[in-house]
Amino acid sequence: MLNLMLYGVLPYLAIGSFFCVSVVRYLKMPFTFSSLSTQFLESKQLFWGSVPFHIGILTLFAGHLVGFMFPRAVMAWNGMPVRLLILETTAMIAAFLALVGLTALIVRRAGSARLRANTTVMDVLVYVTLLMAIGTGLWVALAMRWGSAWYTHTLVPYLWSVFKLNPDVQLMVDMKLPAQLHVISAFLLIGVFSFTRLVHAFVAPLPYLWRPPQQVIWNRARRQPQAHD
Amino acid sequence: MDVRSQVAMVFHLDKCIGCHTCSIACKNVWTDRKGAEYMWWNNVETKPGTGYPTRWEDQQQYKGGWERDGKLIKLRAVDKVRGAVTVFHNPALPTIDDYYEPFTYTYEELFTAAEGADQPVAKPISMITGKPMNIEAGPNWDDDLGGSPVYAANDPNLEALTPEERQQMFDVEKLVFFYVPRICNHCANPSCVASCPSGALYKRGEDGIVLLNQERCRAWRFCVSACPYKKTYFNWSTGKSEKCILCYPRLESGQAPACFHSCVGRIRYLGILLYDADKILDAVNVPDSELVDAQRRMILDPFDPEVIAAAKERGIGDDVISAAQRSPVYKFVMEWKLALPLHAEHRTLPMLFYVPPMLPVQAKVGDYGYDTSVEGFLGSIDQARLPLKYMAKLFGAGNEAPVRYALRKQLAVRHHRRALQACDITPEQAQALLTEADCDVEQADAIHRLTAIAAFEDRFVIPPMHREEAIELLDEDTLAAKGSTGIGFREGPARGP
């Protein structure tokens with residue numbers, strides 16, 4: 001029963017909240033749809049937290065996504081031991097960057113009166129869920145080596161079964177404890193995502209790359225000059 | 001020709017008495033809120049001084065504005081490539097300590113303190129943490145040259161002067177200062193707009209007011225770095241940037257902005273300028289010394305039939321064109337060439353112009369006092385106590401010529417009026433000075449009138465903003481908007497704890 005709750009129900013609650021709450025929040029509460037930056041209150045320490053954390057977590061996210069979307073390609077890449085080593089080393093470095101960065105961010109926030117005064121319960125929740133996800137991920141990486149090799153034919157089928165609305169709970173029950181905890185913490189993170197400051201990932205400013213520098217908005221339709229003969 | 005209408009401004013520094021009434025009016029209307037306590041959309045600085053935020057003019061540190069880059073210009077702080085890296089930590093973002101930590105006092109203690117041998121005191125507490133704090137800075141900490149060795153001596157504009165000249169400025173008997181009130185310049189080429197990754201900042205087409213959409217702002221904070229005047233502010237409580245909105249709800253109902261309306265010295269003028277948006281790049285991609293002239297070339301003559309025809313083609317109303325013809329700003333900037341942009345070298349094309357102050361120009365003559373003979377009555381510009389080089393750094397993008405022109409003309413007008421009123425200068429002497437200053441009697445009288453005795457409607461020529469049309473064009477029932485203010489949104493701005 002517990003297994004069904006954790007691996008059969010929790011994923012749907014998490015994914016449902018991830019998409020539905022985000023959309024509703026974006027449409028109904030656009031004012032809150034960003035991170036509450038604290039760089040203005042403390043800048044120096046932020047550098048040593050924010051930069052490694054973001055680089056690490058984005059690399060890890062991209063890696064997990066590729067493994068999920070293209071398991072065969074990952075298996076093919078891992079065909080040669082050297083390439084497996086490169087992939088695993090990169091992942092390990094990214095994980096340490098994320099963990100070190102997150103720790104620096106937590107230490108920074110706890111150590112500054114200004115930041116403490118500007119911290120919400122949801123900020124704490126973000127730290128706890130992120131720490132759990134990264135910590136269990138590292139535990140998996142250390143206790144169950146070569147994750148990128150076995151991930152593709154053990155966890156990916158489970159994830160796909162979730163997406164095909166036919167969750168294969170047994171696949172998860174057969175996994176070792178670190179992997180189970182990592183999956184649970186990941187779904188918890190996905191579940192709280194849209195309630196927290198993490199939504200700023202949805203509005204990453206990609207359109208800036210192609211938009212013209214200046215923006216003019218007209219209240220009234222602007223008349224174009226008539227062509228003269 | 002892409003004619004646009006811009007609500008532009010002139011601040012006449014010779015009239016500013018540094019009373020900060022404008023700052024208080026603005027503060028009470030707009031920034032008396034949590035997270036905005038430290039913001040002064042309007043502030044008044046003593047020059048020489050380091051200003052607010054401290055040393056905001058030092059772009060080595062703050063990286064505001066544009067710089068030339070071949071055929072184009074680029075932002076100093078951020079561009080599309082560097083932005084991808086610095087989005088996680090903005091290296092050029094000032095922190096609250098560059099402004100000041102907002103504070104209040106424990107006034108309740110005056111009433112609630114237990115009976116004792118000592119008088120109860122109201123202790124200063126931080127408005128961020130609520131904890132006791134030592135007040136070490138404020139928005140006008142160096143007012144009237146207070147703490148000159150620390151503040152005035154570190155004014156970035158003093159780079160233009162030799163050590164001797166600097167020394168002379170701070171001789172006790174010759175100390176000299178003036179005030180620079182500052183609001184958002186509502187630039188024609190705003191670097192804040194160009195830097196905003198979310199596209200939350202925009203220039204309003206009809207009147208050129210630069211606004212920041214609070215619902216689209218995602219707190220990337222690049223606008224704060226990009227503005228060379230540091231006139232976009234980050235609200236640490238709501239996590240949104242904010243800036244001067246030129247009191248557009250007041251303008252739309254025909255009232256002058258609060259800081260303009262409340263100005264005790266009546267130093268502020270507001271009116272329409274028509275400019276050619278096609279000439280923006282030509283106006284900014286020139287060497288520093290030509291920037292003031294290049295910006296003037298971008299501004300169009302509202303009496304020119306061709307300009308009027310082109311403006312009408314673009315849908316600019318007759319009432320706006322008429323307002324542009326009566327605009328006091330057009331007179332100061334274009335007809336008389338008395339008003340100059342502040343720090344034009346950042347290439348944002350500021351639409352707020354300053355008449356450089358003449359009063360501290362009083363000549364320094366020898367070591368034993370001033371020349372009080374008629375010839376040198378008001379002193380000469382080249383022997384000014386505030387060196388022309390310093391003024392040129394502020395108002396001429398380093399070029400002395402436009403500043404000298406403006407000061408000389410003001411000096412001539414003053415002699416002309418003195419010849420008429422006090423009669424200790426002969427009309428011939430005054431006339432000679434006028435001619436030398438590229439001015440005639442008619443213009444001198446007009447300058448005098450608009451400077452000294454202008455009434456409310458002369459100083460603020462606000463065109464109708466046609467808000468009714470804007471609402472009708474929105475795809476909604478106009479009656480639904482009845483009774484609404486047309487600004488803001490209903491959700492409370494609370495974000496933090």
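The figures here come from the full heavy-atom set of this structure, side chains too, leaving out hydrogens, waters and symmetry mates.
For A/Ser34 and B/Arg218, the side-chain atoms include no donor-acceptor pair closer than 3.5 Å. Looking at A/Ser37 and B/Arg221, their side chains do bring a donor and an acceptor atom within 3.5 Å of each other. Using a 3.5 Å distance cut-off with no hydrogens or angles, the side chains of A/Gln39 and A/Lys44 do not pair a donor with an acceptor.
When heavy atoms are compared at a cutoff of 4.5 Å, B/Asn189 approaches chain A by way of both its backbone and its side chain. Looking at B/Asn90, the atoms closer than 4.5 Å to chain A (heavy atoms on both sides) sit in the backbone and in the side chain alike. Interface remark: B/Pro94 contributes backbone atoms only to the contact with chain A (heavy atom separation under 4.5 Å). At a 4.5 Å heavy-atom cutoff, B/Leu211 makes no contact with chain A through either its backbone or its side chain. B/Trp220 touches chain A through its side chain: at least one heavy atom from C-beta onward sits under 4.5 Å away, while N, CA, C and O do not. At a 4.5 Å heavy-atom cutoff, the contact between B/Tyr38 and chain A is made by side-chain atoms alone.
Between A/Trp160 and A/Phe68, the distance separating the two ring centers is shorter than 6.0 angstrom.
Nearest heavy atom pair, residue B/Gln6 against residue B/Tyr275, reads CB-CE2, 3.7 Å.
Note: B/Asp97 leads B/Asn235, B/Asp97, B/Leu75 in heavy-atom pairs under 4.5 Å with chain A. No other option in B/Ser195, B/Gly130, B/Gly239, B/Ala219 has as many heavy-atom pairs under 4.5 Å with chain A as B/Ser195. Ranked by heavy-atom pairs under 4.5 Å with chain A, the first of B/Cys196, B/Pro91, B/Gly35, B/Ala310 is B/Cys196. If you tally non-hydrogen atom pairs under 4.5 Å between each of A/Asp123, A/Ile55, A/Val203, A/Ile217 and chain B, the highest count goes to A/Ile217.
Between A/Arg109 and A/Glu42 there is no salt bridge, since none of the side-chain N atoms of the basic residue sits less than 4.0 Å from a carboxylate O of the acidic one.
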